[in-house]
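In what follows, chains carry the letters A, B, and so on, assigned in the order in which the sequence lines appear, proteins first and then strands, with residues in each chain numbered from 1.
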Amino acid sequence: MNKKVRVRFAPSPTGPLHIGGVRTALYNYLFAKQHGGDMLLRIEDTDSARFVPGAEEYIVEALNWLGIKIDEGIGAEKQGKHTPYRQSERKDIYRKYVDQLLEKKLAYIAFDTPTDLETKRAEIANFQYDASTRDLMTNSLTLSEEAVNSRLQNGEQYVVRIKIEPNQEIKVQDLIRGEVIVNSSVIDDKVLFKSVDGLPTYHLANVVDDYLMEISHVIRGEEWLPSAPLHVLLYRYLNWTDVMPQFAHLPLLLKPDGNGKLSKRDGDRLGFPVFPLNWKDSKTGETSSGYREAGYFPEAVVNFLSLLGWNSGTEQEIFSMDELINLFSLERVSKSGAKFDYEKGKWFNHKYLQNKPIDEIADLFQHILIQKDIIEDWEKVKKIVELVRERANFITDLWVQSSFFFVAPISYDEKTVQKRWKAETPRQMEELIDLLNAIDDFTAENTEELTKKWIAENEYNMGGIMNAFRLAIVGEPKGPHMFDIISLIGKEETIERIKNAIKLIV
RNA sequence: GGUCCAUUCGUCUAUCGGUUAGGACGCCAGGUUUUCAUCCUGGAAAGAGGGGUUCGACUCCCCUAUGGACUACCA
């Protein structure tokens, strides 16, 4: 049976989308597109207590930015035929399946309060609510029917738990890991539904929704692997095994140093973003930085992320989204977790910065200039970008690398002054002023030729002159070819700066 | 503690029984250069340990070790 490929990304709106989540979304997308399938976005907000306003919008915006297009569900152009795609709005749908399980005695009602459970856990070491302990608890298996009904009529809070038969082998076929076998005895009677808010828990909701939304492949993080057998069981209990999706559990993204899952704190600690976009926490007011605002190209982030846990089998490193769609395969996803290497992320952005059309880069840079109240001629901006982009990793680096094109130095790098500004330098610079002043054709080629001639004729030291010259014009020992710089800033400005340097450097 | 998953250079990874164990990031050295950077060339750098299976194991199996995930009326 070959059903249409339909995958879903199903985050819960508890905050900004984590970079690991982004990768999961990306792999889902690549897989779907390769097979001509659909990518759905479903919001799993069954925990009303953890809902964070703005999180859903953030997720949609982030995926949009990255070029991960949603075919159906939240954020899609047209939502699709399985609406709604927010689980909190699907309450009525789940109730039916809860009742079905209850009727078939595959689930039961439990009245134990959180404190009851706590005390039990304290009492019994490694307590697990399952076949071995449910007789000790307050539920519809231990209470009489009348007792249960009267409790319900009194409006007592309850949950519905799945009833798991102990000692059964449950097999999960995983596309990345192969067959995983778990004994049902180690799975507890998970809560499927809570009366407090009338909502199911994740386990029931995701199974029901994946079934109703005709999901063909569930591609999610490895943290779900331990509960996958429970989900398989649920498909069995609901008689849906014939249309059960295939599972693929992705390896985790790990901290760059030490061990463990990559977390928000690592970003703060090590100084790199762990979110796609900036996020401002409305409670604490603190902002977490995102890749977009840090100056990354979405293509670079996608490329970088795609290789964290997958590889093409070739030695190619740079991939466009289309190439990724073509080449991606779950079989080539690695099984072990990948440490997050931020340095390599920077390198990817550098590559994209070099390879993009100059107009695109210049346009982005001009926006930065405008924010700094610098209005500059488009052609000139393009030339400047051309000259400095190779020394930049990010659009934002461009300013650091080129600010001297727009603003004359107000101070001079001390070390360089000591090393490059000698006693005879002011006199030589005066001569240089005279020389440049007499040049009408101020192109880089011409000024270079004449300046070098002058240096040779006077038997000056090339490095000595040029480095002092640079110091006067740039203020620091950096930047592109000197004659390219002065041709762009012009004769007057060049001479002005040399004069200033002679005056200011002691 | 229990269950499950994993283990090749510092990092991401290639290898699907026979290779001088390859590439990339980073690092180091040299070259290019008037500076910084880029770029080019080169270099150091790896199969967790122990048993098997096999003519031959990084590759297959087992054990140990290590790491991770999960173990909620969270997802």
When all nucleic acid strands are considered with a 4.0 Å heavy-atom cut-off, which category describes [X]: base, sugar-phosphate, or nothing?
X	value
A/R470	base
A/D112	base
A/V159	base
A/R220	nothing
A/T14	nothing

Within [range]: residues closer than 4.0 Å to RNA chain B (heavy atoms):
range	value
residues 473-489 of chain A	A/P477, A/K478, A/G479, A/P480, A/H481, A/M482
residues 385-401 of chain A	A/E390, A/R391
residues 224-236 of chain A	A/W224, A/L225, A/P226
residues 46-58 of chain A	A/T46, A/D47, A/R50

(request) Only counting residues at least two apart or in another chain, list the ones meeting salt bridge (charged side-chain N to carboxylate O under 4.0 Å, His left out) with A/E118. (result)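 With neighbours one apart ignored, the set is empty.
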What is the ring orientation for [X] with [Y], classed by angle as parallel under 30°, tilted 30 to 60°, or perpendicular over 60°?
X	Y	result
A/H203	A/H231	tilted
A/W279	A/Y58	perpendicular
A/Y129	A/F127	perpendicular

(request) Sticking with atom C1', work out how far B/G22 lies from B/G68, rounded to a whole angstrom. (result)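 About 28 Å, rounded to a whole number of Å.
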(request) Taking A/N139 for its side chain and A/L141 for its backbone only, find out whether a donor-acceptor pair lies under 3.5 Å. (result)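 Flag set: sc A/N139 to bb A/L141 pair under 3.5 Å.
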(message) Strictly distance-based, threshold 3.5 Å: is any side-chain N or O of A/D189 a donor or acceptor partner for the main-chain N or O of A/I164?
(response)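 It does hold such a pair.
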(message) Between A/R8 and A/N28, is there a side-chain donor-acceptor contact under 3.5 Å, judged purely by atom types and distance?
(response)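 No.
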(message) According to side chain to side chain donor-acceptor pair (under 3.5 Å), does anything in residues 383-392 of chain A pair up with another residue at least two apart or in another chain? List the pairs.
(response)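 Side chain to side chain donor-acceptor pair (under 3.5 Å) check on residues 383-392 of chain A returns no pairs.
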(message) At under 4.0 Å between heavy atoms, how does the protein contact nucleotides 22-31 of chain B? Give one character per nucleotide, 5' to 3', with B, S or -.
(response) SBBB------
Residues in ring-ring contact (aromatic ring centres under 6.0 Å, His included) with [X], at least two apart?
X	result
A/F328	A/Y27, A/W310
A/Y460	A/W454
A/H350	none
A/Y412	none

(request) Sorted by first residue and then second, give each salt bridge (charged side-chain N to carboxylate O under 4.0 Å, His left out) pair with at least one member in residues 49-60 of chain A; sequence neighbours left out. (result)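 Residue pairs with at least one partner in residues 49-60 of chain A: A/D47-A/R50, A/E56-A/R86.
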